[in-house]
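Please read the structure below before turning to the comments.
Convention: sequence-line order gives letters A, B, ...; per-chain numbering from 1. Atoms considered below: every heavy atom in the structure, side chains included; atoms not considered: hydrogens, waters and symmetry mates.
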There are 2 protein chains.
Amino acid sequence: MGLRMTRERELIVAEVDSFDGHFEPDELLDRMRRKNIRVSRASIYRTLPLLVECGAIKEAVYKDRKTRYERLIGRDHHDHMVCTECGGVIEFVSDEIERLQEAVCKRHGFGIAGHTLEIRGVCRDCSEGKTGASSAGRGNTNSDARS
Amino acid sequence: MGLRMTRERELIVAEVDSFDGHFEPDELLDRMRRKNIRVSRASIYRTLPLLVECGAIKEAVYKDRKTRYERLIGRDHHDHMVCTECGGVIEFVSDEIERLQEAVCKRHGFGIAGHTLEIRGVCRDCSEGKTGASSAGRGNTNSDARS
DNA sequence: GTATTATTGCGACAGAGTCTCAGTTGCCAT
DNA sequence: ATGGCAACTGAGACTCTGTCGCAATAATAC
Ligand SMILES: [Zn+2]
Ligand SMILES: [Zn+2]
Ligand SMILES: [Zn+2]
Ligand SMILES: [Zn+2]
């Protein structure tokens, strides 16, 4: 049969909606625990893939081999530059790149459902020697207007 | 002191060089076991990251939360379209996209070290109803000339 | 040839994510 | 509103990829 809207799922969705940026399942769990919102780890791990299927969130940057999610609803599509020094993430959009992707896929008869573009490298601050400028760098997200 | 060229590392490099396409560490191990080449799992897991640092291979598509590698030496850079139906992988290159990425990064003062572009969707065969055309699709790689 | 020290292999370990199963609860039909 | 049932939850055991510690080994430097 169909899915059911349970109390737990409402709580999880609410929590996901309550902030921007990237998160990992266990991170979400901790956040909820600290707020005294009781939901089991299993439920979180079971719900997030459902939200991906609904298009509410998507898997984003992988770090260490942990799945990271990112809210989609209420946010524009963007891609990522990840600094290998400080771990910082710059979000960016290039309409031209998006258009070219569509063109390439069309040529292959490939129907796009989504994509992930992740550029690895060294951000300006780190390369200018402001070592650890962005500090110990626990994935601070440096949002950015479309280019 | 520096690194050492050991018998084990030679064997691993030889095995990696012996085929194109993507592979996972344990896959490589099995392959070698079957050929009666004895190298410990730990050595493989320790060597592959070194090869990444040398630029001989790189981490490619993640699948299930397993690290997948791909040989770089002797192959041109390319990106991936992954079919969500059959699991097939189409490799492609768009020089324009590559160029645009450089432009965007330059604008951000971001020094590119590498990138991963993975487009998810449905390939031609699957969308034309040739369901399972590419068969049970365990990641068959459909190489392709530059577009 | 000997000293030095990186590397190997093994098995123990770590941690993200999955599975099982009994108990619960949303949902639909009556 | 009530009952029935399948979907869901929570707890913990489990799986599986990847890492670590340590004693034995072997590649390099002298
Ligand atoms: Zn994009
Ligand atoms: Zn983002
Ligand atoms: Zn590329
Ligand atoms: Zn490839």
[X] [atom1] - [N] [atom2] separation (whole Å):
X	N	atom1	atom2	value
B/Glu59	D/dT17	CD	P	16 Å
B/Glu24	D/dC16	CD	P	13 Å
A/Leu48	C/dG17	CG	C1'	12 Å
B/Met32	C/dT8	CE	P	11 Å
B/Ile37	C/dG9	CD1	P	13 Å
B/Met5	D/dA29	CE	P	14 Å
A/Arg68	C/dA16	CZ	P	12 Å
A/Arg9	D/dT9	CZ	C1'	10 Å

Students often mix this up, so state it plainly: with edges at 30° and 60°, are the rings of B/His78 and B/His22 parallel, tilted or perpendicular?
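Judged by the thresholds at 30° and 60°, the geometry between B/His78 and B/His22 is parallel.
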To which residues is B/Ile44 joined in a hydrophobic cluster, defined by side-chain heavy-atom contacts under 4.5 Å among Ile, Leu, Val, Met, Phe, Trp and Tyr, whether direct or through other members?
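Grouped by the 4.5 Å side-chain rule, B/Leu11, B/Ile12, B/Val13, B/Val16, B/Phe19, B/Phe23, B/Leu28, B/Leu29, B/Met32, B/Ile37, B/Val39, B/Leu48, B/Leu51, B/Val52, B/Ile57, B/Tyr69 form the rest of the cluster around B/Ile44.
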Taking for each residue the nucleotide of DNA chain D with the nearest heavy atom, is it A/Arg7 or A/Arg65 whose nucleotide lies nearer the 5' end?
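Comparing both residues, the 5'-ward one is A/Arg7.
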For B/Pro25 and B/Thr6, find the nucleotide of DNA chain D closest to each by heavy atoms; which residue's nucleotide sits nearer the 5' end?
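Result of the comparison: B/Pro25.
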Could you tell me whether [X] and [Y] have a side-chain N and a carboxylate O separated by less than 4.0 Å?
X	Y	result
B/Arg75	B/Glu91	yes
B/Glu27	B/Arg31	yes
A/Glu59	B/Arg120	no

Sub-3.5 Å donor-acceptor pair from the side chain of B/Arg9 to the main-chain atoms of B/Arg4, do we have one?
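Side chain of B/Arg9 to backbone of B/Arg4: a pair is present.
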Does A/Glu10 have more than 12 heavy atoms from other residues, nucleotides or ligands lying within 6.0 Å of its CD?
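Result for CD/A/Glu10: enclosed.
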With respect to the phosphate group of D/dG18, does any side-chain polar atom (N or O) of B/Thr67 fall under 4.0 Å of OP1 or OP2?
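Yes.
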Would you say D/dG18 has OP1 or OP2 under 4.0 Å from some side-chain N or O of B/Tyr45?
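Yes, B/Tyr45 has a side-chain N/O under 4.0 Å of OP1/OP2 on D/dG18.
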Quiz item: B/Arg41 side-chain donor-acceptor pair to C/dG9 base, under 3.5 Å:
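Not at all, since no donor on one side and acceptor on the other fall under 3.5 Å apart.
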Every protein N/O within reach of nucleotides 19-25 of chain C N/O, cut-off under 3.5 Å:
none

